[in-house]
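Step one of this worksheet: look at the structure below.
Note that the structure is predicted; figures quoted are calculated from it, not measured.
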Amino acid sequence: MATTQPVAKAIILDSQAQFLLLQRSDTHPTLAGFYDLPGGSISENEEPGAAVIREVQEETGLHLAIDRIKILYTTTQLLHGRSYPTLLYIAYLAEQAPEVQMSWEHKSYEWAPLDRLVEVEPQLASTYCEALEYIRAHDILEDIAN
């Protein structure tokens, strides 16, 4: 039987519709050096929205408001006998490109236009690529940017 580790990640948009793109540190235990979205594991008995808010704060120092996040996409990936139910959120910030305080998990960040997602997609985890394909196929990014 597969063990399960739920995950909550976020596409965080600033006031100019730029998103926060992170790059994992070279010492990260999984996908070292790859591009990443903020977020992470959901703890036992933790609400997914609370988890994404907590993880974003731990990884970036940014504080998300619960009323400024929405579920954008959900999926489950089976990898090496482990199940990863994943919730991808969209989060909105009132300010433009706020400074990010990096944790050990990431080595760099940038506030990028949404079309940069296509450029970095090959270096994102396959779950996020699947989500981005769905989002593109249904013109959700265009709806978000407007």
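- Side-chain contact between T74 and P85: absent, with no pair of heavy atoms (C-beta onward) separated by less than 4.5 Å.
- Contact check for I69 versus I12: no side-chain heavy atoms found under the 4.5 Å cut-off.
- A chain of hydrophobic side-chain contacts below 4.5 Å, direct or via other Ile, Leu, Val, Met, Phe, Trp or Tyr residues, connects F19 to I90.
- Taking the side chain to side chain donor-acceptor pair (under 3.5 Å) definition, one finds that Q5 meets it with nothing, sequence neighbours left out.
- The minimum heavy-atom distance linking D26 with G33 is given by the pair OD1-CA, 4.1 Å.
- Linking Ile, Leu, Val, Met, Phe, Trp and Tyr residues whenever their side-chain heavy atoms come within less than 4.5 Å places L64 and I66 in a single cluster.
- Under the rule for a side chain to side chain contact (heavy atoms under 4.5 Å, CB included), the partners of E59 that lie at least two apart in sequence or sit in another chain are L22, P38, E55, S103, E105, H106.
- S15 and A94 make their closest contact through CB-O, 3.3 Å (heavy atoms, listed as atom of the first residue, atom of the second, distance).
- Counting all heavy atoms, side chain and backbone alike, Y84 lies closest to V7 at CD2-CG2, 4.2 Å.
- Within 6.0 Å of atom CD in E47, 12 or fewer heavy atoms from other residues, nucleotides or ligands are found, so the atom counts as exposed in its surroundings.
- For the atom pair CE of M102 and OG of S108, the computed distance is 6.0 Å after rounding to the nearest 0.5 Å.
- A cation-pi arrangement is absent between R68 and Y89, since the terminal nitrogen or guanidinium carbon is not both under 6.0 Å from the aromatic centre and inside a 45° cone about the axis.
- No single ILVMFWY cluster, assembled from side-chain heavy atoms under 4.5 Å apart, contains both V52 and Y92.
- The side chain to side chain contact (heavy atoms under 4.5 Å, CB included) search around P98 returns D14, L62, L93, E95, W111, not counting sequence neighbours.
- Counting heavy atoms from C-beta on, the side chains of I53 and H63 never come closer than 4.5 Å.
- Within a 6.0 Å sphere centred on CD of Q101, other residues, nucleotides and ligands contribute 12 heavy atoms or fewer.
- For A8 against P48, the heavy-atom pair with the smallest separation is CB-O, 3.9 Å.
- Here the shortest heavy-atom pairing between V56 and G39 reads CG2-N, 4.4 Å.
- I42 places a side-chain heavy atom less than 4.5 Å from the side chain of L87.
- In the hydrophobic clustering of ILVMFWY residues, with side-chain heavy atoms under 4.5 Å counting as a link, I11 and Y35 come out together.
- The same ILVMFWY cluster, assembled from side-chain heavy atoms under 4.5 Å apart, contains both L72 and L21.
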Report the C-alpha distance between L13 and L20 in whole Å, list the side-chain angles of each, state the deciding distance to 0.1 Å, and finish with yes or no for side chain to side chain contact (heavy atoms under 4.5 Å, CB included).
-> CA-CA 7 Å; L13 296 176; L20 179 58; over 6 Å; no
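- You'll find the side chain of R116 stays beyond 4.5 Å of the side chain of Q18, heavy atoms only.
- Looking only at distances, no side-chain donor or acceptor of T75 sits under 3.5 Å from a matching main-chain atom of T86.
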Just do the side chain to side chain contact (heavy atoms under 4.5 Å, CB included) check on R54 and S43 with the steps written out, would you?
-> CA-CA 10 Å; R54 175 186 52 78; S43 299; 3.6 Å; yes
